[in-house]
Protein chains: 2
Amino acid sequence: MAIAPQTADLTAVCRSDERGAAHVRDILDRIGDKWSMFVVSLLERGPQRYGTLARDIPGISQRMLTVTLQRLERDGLVTRTSYPEIPPRVEYALSPLGESLQEPISALATWAYAHQAEFAESRERYDAKQN
Amino acid sequence: MAIAPQTADLTAVCRSDERGAAHVRDILDRIGDKWSMFVVSLLERGPQRYGTLARDIPGISQRMLTVTLQRLERDGLVTRTSYPEIPPRVEYALSPLGESLQEPISALATWAYAHQAEFAESRERYDAKQN
DNA sequence: CGGTATCCGATGTGATACTG
DNA sequence: CAGTATCACATCGGATACCG
């Protein structure tokens, strides 16, 4: 445990070459994929049904909603509860682990929102210079 | 240091359907890709040369180091300075924008590190149930 | 030293059709 | 309603060879 008590060192933690264990890489994969954080952000309002999520996430396909929810469930961020009724009802909710993600994620979102303009300007400058 | 006073709403910011502007999606893409955060974490120690980075990032290919650095430069997170000497010398450094990423990113890394075990256990449980 | 150029396989995502 | 199955395609990343 060479890691400091409060902040983890990315250089030490990013590596994915130890066998078995989950790593920052896995978290970053979940965070970086196309739909996961959108789903999580919706679930922060409370449990939601599959159809509700599908309606509230513009542009997502049925397949990707299913896949995203399965990955989130596998990683323990989301729980799935199905009620054996007809018609079937399934509710997805954030687990405690998923809820605990809110703080770092919204810090990131806040940062991203605050620096949107710098980001965009830098890209414009860069792209302009390329030709 | 605590989180910024007003937090950005991911549901409002995740969308990538407005024209032109940079969005949280772009940031998440940079954060989620395979090597960017590793590079950023190394640059937090100070400016580094291409060769040094290549040596310190196990498993990265020349191509991906180049591509990653270009993307980071394009997004304004990293600056590139080339000294017209022979042999050539090029130094990469974090920009102020890149440095400002450290806080949210290390919060995320800390979270990921702290919850590694829950993550891994959840995956094991999930995978075990699938057959 | 610090890159490009090219090829190619793996993975992520989307469209469409079908089901308990 | 809440999915699954299949195919098709784009992008990502790795290997290799070459260049100023």
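Residue numbering restarts at 1 for every chain, and letters A, B, ... go by the order of the sequence lines. It should be emphasised that the depicted structure is a prediction, and the values quoted were computed from it without experimental measurement.
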Problem - Salt bridge present between A/Arg123 and B/Asp26 (N-O < 4.0 angstrom) - result: yes
Practice task
Answer yes or no: is there an ion pair linking A/Arg89 with A/Glu91, defined by an N-O contact shorter than 4.0 Å?
Solution key: yes
[N], OP1 or OP2 - any side-chain N/O from [X] closer than 4.0 Å?
X	N	result
A/Arg49	D/dG3	no
B/Arg71	D/dT11	no
B/Arg80	C/dG3	yes
B/Tyr92	C/dC1	no
A/Lys34	C/dG14	yes

Exercise for the section: Please check if the side chain of B/Thr52 supplies one atom and the backbone of B/Gln48 the other of a donor-acceptor pair under 3.5 Å. Expected result: no
Practice task
State whether the side chain of B/Thr79 and the backbone N or O of B/Ser95 hold a donor-acceptor pair below 3.5 Å, judged by distance alone.
Solution key: no
Problem - Base of C/dT13 paired with side chain of A/Arg63 (donor-acceptor, under 3.5 Å) - result: yes
Specify the separation, in whole Å, of atom [atom1] of [X] and atom [atom2] of [N].
X	N	atom1	atom2	answer
B/Leu53	C/dG2	CG	P	9 Å
B/Ile86	C/dG2	CD1	P	13 Å
B/Ile57	D/dG13	CD1	P	13 Å
B/Tyr50	D/dC19	OH	C1'	13 Å
A/Leu28	C/dG12	CG	C1'	17 Å
B/Asp29	C/dG12	CG	C1'	12 Å
A/Arg25	D/dC12	CZ	P	14 Å
B/Asp33	D/dG14	CG	C1'	15 Å

Handout entry: Closest nucleotide among C/dG2, C/dT4, D/dG3 to the A/Gln62 side chain
Key = D/dG3
Exercise for the section: From the options C/dT13, D/dA2, D/dG14, select the nucleotide whose nearest atom is closest to the side chain of A/Met64. Expected result: C/dT13
Fill in the blank from the handout: Sorted by position of nearest nucleotide on DNA chain C, 5' first, the leading residue of A/Pro88 and A/Ile60 is A/Ile60
Practice task
Determine the contact category for B/Tyr83: base if any of its heavy atoms lies under 4.0 Å from a base atom, sugar-phosphate if only primed atoms, P, OP1 or OP2 are that close, otherwise nothing.
Solution key: nothing
Exercise for the section: Give one of base, sugar-phosphate or nothing for B/Gln70, where a contact means two heavy atoms less than 4.0 Å apart. Expected result: sugar-phosphate
Practice task
Answer with yes or no whether the side chains of B/Thr81 and B/Tyr92 bring together a donor and an acceptor at under 3.5 Å.
Solution key: no
